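Because the structure is predicted, anything quoted here is derived from the model rather than measured.
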Amino acid sequence: QVQLVESGGGLVQAGGSLRLSCAASGRTFSTLAMGWFRQAPGKERNFVAGIGWTGETIYADSVKGRFTISRDNAKNTVYLQMNSLKPEDTAVYYCAARTFAVVTTTNYAVWGQGTLVTVSS
């Protein structure tokens, strides 16, 4: 069973940048599709970005051109580089893993505990 631990959240001004990290345990990390989701206060959790085992990536329209997802299989880690942050990006960000290699926007089985990102105006 894969376990996920996020880090890198914090407070940043609008226009700034943050990089989130998600460290995964387990020897099958390289074969899993990984994703980032976020949940703003009072709202549902939404897909942000995903990356497949081949490196294929997909993004929500709201973050295209600003966020970049990447993975380092040697370190069992997936990253989310967030640039040009906006107040509406404020949310708890969750790392998630699928039990399959192909990246999608849904059907993630394993979740981290979340890390809070706050963007001030």
Non-hydrogen atoms of [X] and [Y] that approach each other most closely:
X      : Y     : value
Val117 : Gly9  : CG2-CA, 4.1 Å
Ala97  : Met34 : CB-SD, 3.5 Å
Ser121 : Ala14 : CA-CB, 4.3 Å

To the nearest 0.5 angstrom, please state how far the [atom1] atom of [X] sits from the [atom2] atom of [Y].
X     : Y     : atom1 : atom2 : result
Gln1  : Thr99 : CD    : OG1   : 9.5 Å
Cys95 : Tyr79 : SG    : OH    : 11.5 Å
Leu80 : Ser70 : CG    : OG    : 8.5 Å
Thr31 : Arg98 : OG1   : CZ    : 12.0 Å
Gln81 : Ser17 : CD    : OG    : 5.5 Å
Asn83 : Thr68 : CG    : OG1   : 6.5 Å

Would [X] and [Y] show up in the same hydrophobic cluster when neighbours are defined by side-chain heavy atoms closer than 4.5 Å?
X      : Y      : result
Ile58  : Phe67  : no
Tyr108 : Trp53  : no
Val12  : Met82  : yes
Trp36  : Val119 : yes

Whether Lys86 and Asp89 form a salt bridge (side-chain N of Lys/Arg under 4.0 Å from carboxylate O of Asp/Glu) is what I want to check.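 Answer for the salt bridge query: no.
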side-chain contact (heavy atoms from CB on, under 4.5 Å) between Gln39 and Asn46: does it pass, once the steps are laid out? CA-CA 6 Å; Gln39 186 168 20; Asn46 292 317; over 6 Å; no
Would the distance check show the side chain of [X] and the main-chain N or O of [Y] forming a donor-acceptor pair, the cut-off being under 3.5 Å?
X     : Y      : value
Arg19 : Gly8   : no
Thr90 : Thr118 : no
Glu6  : Leu20  : no

Row check, Phe29 ring normal vs Arg71 NZ/CZ: under 6.0 Å, within 45°: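 So Arg71 does make the cation-pi contact.
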For the residue pair Trp111 and Tyr94, does the interplanar ring angle fall in the parallel (under 30°), tilted (30 to 60°) or perpendicular (over 60°) class?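 The arrangement is perpendicular - the two ring planes meet at more than 60°.
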Report the C-alpha separation of Thr77 and Asp72 in whole Å, then their side-chain angles, then the decisive distance to 0.1 Å, and conclude whether the side-chain hydrogen bond (donor to acceptor under 3.5 Å, both in side chains) test is met. CA-CA 5 Å; Thr77 301; Asp72 185 337; over 6 Å; no
So Thr57 and Val103, side-chain contact (heavy atoms from CB on, under 4.5 Å) or not? Walk me through it. CA-CA 7 Å; Thr57 57; Val103 63; over 6 Å; no
With Tyr59 as reference, evaluate Ile69, Thr105, Val48, Ile51 under the side-chain contact (heavy atoms from CB on, under 4.5 Å) test and give the passing residue.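 Passing option: Ile69.
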Are side-chain heavy atoms of Leu4 and Gln113 found at a separation under 4.5 Å?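 Result no, sub-4.5 Å side-chain heavy-atom pair not found.
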Is the number of heavy atoms from other residues, nucleotides or ligands under 6.0 Å of Gln3 CD greater than 12?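 Counting other residues, nucleotides and ligands, CD of Gln3 stays at 12 neighbours or fewer.
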Can you confirm whether more than 12 heavy atoms, excluding those of Phe47, are under 6.0 Å from its CZ atom?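 Yes, the 6.0 Å shell around CZ holds more than 12 heavy atoms from other groups.
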Could you tell me whether the side chains of Arg38 and Tyr93 share a donor-acceptor contact shorter than 3.5 Å?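 Checked: Arg38/Tyr93 side chains pair up, N/O donor to acceptor below 3.5 Å.
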